[in-house]
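Nothing here was measured: the structure is a model prediction, and the numbers come from that model.
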Amino acid sequence: MNEKIIRPGVIKRVVDLLKYRNMKYTQEDVENIIFAFWDVVIGAIANGDSINLNGYATIGTKYMAERKSRNVAENKEMILPEHFRVYFKAGSRLNQAATAFTQKQLGGEK
C-alpha cells in the first residue's frame with residue numbers, strides 16, 4: 001500500500017491480469033502497447049487535441065495567459081510568458097477508486 005510502482009512493475013501487473021483473464025501477452029507485447037498508447041497521447045497533446053477515456057480520464061491542454069510571478073529565492077519579480085500546459089481530469093472510475101481507498105484507510109466517509 002502506498003508503494004511507488006515504476007514501469008516494469010506496471011507492465012508485470014498488466015501481464016498478470018491478462019493471464020488471469022486467459023489472454024496470453026508477453027511483457028514485451030504489453031510494453032509495446034503501453035508505449036504506443038503514450039505516443040498517441042503525446043501526439044494528440046502536441047497537436048492541441050484532447051484525449052477522453054470515458055470513465056477513466058480526460059487529458060488535454062489548457063491556455064495560461066502571461067502573468068507576473070515572484071522568484072522567492074532571489075526575491076525578484078518575473079514575467080511568465082503565455083503558454084499551454086497539460087491537464088489531467090480524473091474520470092468516474094478513478095474517483096471511485098480514490099473513494100474506496102479513502103474508506104479503506106479512514107474507515108468511511110466523514
Student: What is the minimum heavy-atom distance between A44 and I51, and which atoms define it?
Tutor: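 Result for this residue pair: CB-CD1, 3.6 Å.
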Student: Would you name the heavy atoms of F37 and L53 that are closest together and state the gap between them?
Tutor: CZ-CD1, 3.8 Å
Student: Which value, rounded to the nearest 0.5 Å, describes the distance between I45 atom CD1 and I42 atom CD1?
Tutor: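 Taking CD1 in I45 and CD1 in I42, the distance rounds to 9.0 Å.
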Student: Looking only at heavy atoms, what is the nearest atom pair of G60 and S50, with distance?
Tutor: CA-CB, 3.9 Å
Student: Do L80 and M78 come close enough that some side-chain heavy atom pair is under 4.5 Å?
Tutor: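 Counting from C-beta outward, L80 and M78 do come under 4.5 Å.
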Student: Using a cut-off of 6.0 Å, state whether more than 12 heavy atoms not belonging to Y56 lie near its atom OH.
Tutor: no
Student: If you measure from NE2 on H83 to OH on Y63, what distance do you get to the nearest 0.5 Å?
Tutor: 9.5 Å
Student: Checking side-chain contact (heavy atoms from CB on, under 4.5 Å) against V14, which of L18, D16, L17 comes through?
Tutor: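 Between V14 and the candidates, side-chain contact (heavy atoms from CB on, under 4.5 Å) is satisfied uniquely by L18.
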Student: Under a 4.5 Å cut-off applied to non-hydrogen side-chain atoms, are Q27 and K12 in contact?
Tutor: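 In short, these two side chains touch, coming nearer than 4.5 Å.
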Student: Please tell me whether S92 and N95 have a donor and an acceptor in their side chains that are separated by less than 3.5 angstrom.
Tutor: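 N95 and S92 do not have a side-chain donor-acceptor pair below 3.5 Å.
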Student: Quick check against the 3.5 Å criterion: does N71 have a side-chain atom that pairs as donor or acceptor with the backbone of A73?
Tutor: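 At least one qualifying donor-acceptor pair exists.
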Student: What distance do I33 atom CD1 and E28 atom CD have between them, rounded to the nearest 0.5 Å?
Tutor: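 Rounded to the nearest 0.5 Å, the CD1-CD separation comes out at 11.0 Å.
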Student: Does one hydrophobic cluster hold both F35 and V41, with members joined at side-chain heavy-atom distances below 4.5 Å?
Tutor: no
Student: Rounded to the nearest 0.5 Å, what separation is found between the CD1 atom of I59 and the OH atom of Y87?
Tutor: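 Between atom CD1 of I59 and atom OH of Y87 there are 9.5 Å.
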Student: Please round to the nearest 0.5 Å and tell me the distance separating atom CD of E31 and atom CD1 of I11.
Tutor: 4.0 Å
Student: Side chains of T58 and F88: closer than 4.5 Å at any heavy-atom pair?
Tutor: no
Student: Are E3 and R13 within salt-bridge range, i.e. N to O under 4.0 Å?
Tutor: yes
Student: Can you confirm whether K68 sits close enough to I79 that some side-chain heavy atom of one is under 4.5 Å from a side-chain heavy atom of the other?
Tutor: yes
Student: Does CZ belonging to R21 count more than 12 external heavy atoms closer than 6.0 Å?
Tutor: no
Student: Check the surroundings of atom CD in E77: do more than 12 heavy atoms from other residues, nucleotides or ligands lie under 6.0 Å from it?
Tutor: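 Yes, enclosed.
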Student: Taking all non-hydrogen atoms of both residues into account, name the closest pair between V15 and Y25 and its distance.
Tutor: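 Heavy atoms of V15 and Y25 come nearest at CG1-O, 3.7 Å.
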Student: Could you check if a side-chain atom of F84 sits within less than 4.5 angstrom of a side-chain atom of M64, using non-hydrogen atoms only?
Tutor: no
